[in-house]
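All remarks here apply to the structure that follows.
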Amino acid sequence: MDIRDNLRKIKEELPGHVKLIAISKTKPEADIMQAYNSDHRMFGENKAQELIQKQPDLPEDIAWHFVGHLQSNKVKYLAPFVSMIHSVDKLKLLKEINKRAKNEGRVIDCLLQFHIAEEESKFGLDLEEAKNLINSEVFPELKNVRICGVMGMATFTEDKEQIRKEFRMLKNTFDFLKHGYFEDQDHFKEISMGMTNDYKIAIEEGSTMVRIGSAIFGERNY
Ligand SMILES: *Cc1c(COP(=O)(O)O)cnc(C)c1O
């Protein structure tokens, strides 16, 4: 199966309000260009180093989404061009993004990443931590970041009910934050959830952004 066919099939079945981020990690630039040439513009990577390497060789009008764990010392390399950072899980990171965005004369769109999976290893905030972040003294002063919603990754499991439960929890978290803190902010509207194996469930549970890699580009060989 070819990348263009994969992309077209997925796009045909996505509801109009759901954005597709093509996750191109580990894949060569030629693969990205195949998707680009079939008019796709939103791509995602999960490693800063890899994204920094690929970005200069690829068209400037690609909207790059950063979806992996981000260390503060890498933010400065992404700040000139990144379109959205899905993985804000600490105030310290958000402050660094704000600082580097300001240096670039930009406002960078961010999502708060929540820990919804059973696995210990997945990064992300819980609701208490998110409230503390939002209620912190500096938060209102961070004018060069724009919080656009939430992101989460479900447990890697065959248990569809488990996955659904976790996505539902993320949707509830989104609703709680929206009504509690972001009611008057129209840009707080994104729920980034759903990958190759679970994006259909994610959409049923309210996803507005799906992050799909293998179903577009094929299996990854690490
Ligand atoms: C790799 C990755 C994806 C895409 O995974 P697939 O299962 O290949 O669709 C989505 N989100 C994040 C954060 C990832 O690291």
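Whatever order the structure lists ligands and atoms in, that order sets their numbers, starting from 1.
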* For ligand 1, find out whether one of its N or O atoms is nearer than 3.5 Å to an N or O atom of M153. => no

* Asked: What is the nearest protein non-hydrogen atom to atom 5 (O) of ligand 1, stated with its residue, atom name and distance?
  -> M195 CE, 3.5 Å

* Take every heavy atom of R220, measure it against each atom of ligand 1, and state whether any distance is under 4.0 Å. => yes

* Of all the heavy-atom pairs spanning S38 and L7, show the shortest one and how long it is. => OG-CD2, 3.6 Å

* Tell me which protein heavy atom sits closest to atom 13 (C) of ligand 1, plus the residue, atom name and distance to 0.1 Å. => V67 O, 3.4 Å

* Could you tell me whether D5 and R8 have a side-chain N and a carboxylate O separated by less than 4.0 Å? => yes

* **Partner set under ring-ring contact (aromatic ring centres under 6.0 Å, His included) for F182, not counting sequence neighbours** => F188

* To do: Could you tell me whether ligand 1 has any atom less than 4.0 Å away from a heavy atom of N197?
  => no

* Structure fact -> Residue, atom and distance of the protein heavy atom nearest atom 9 (O) of ligand 1 read T196 OG1, 2.5 Å

* Over 12 foreign heavy atoms within 6.0 Å of CD, E12 -> yes

* **Test log, rule salt bridge (charged side-chain N to carboxylate O under 4.0 Å, His left out), inputs E205 and R164** => CA-CA 7 Å; E205 297 302 327; R164 187 179 295 284; 2.8 Å; yes

* **Shortest protein heavy-atom distance from atom 1 (C) of ligand 1, along with the residue and atom involved** => K25 NZ, 1.4 Å

* Could you tell me whether E96 and R100 have a side-chain N and a carboxylate O separated by less than 4.0 Å? => yes

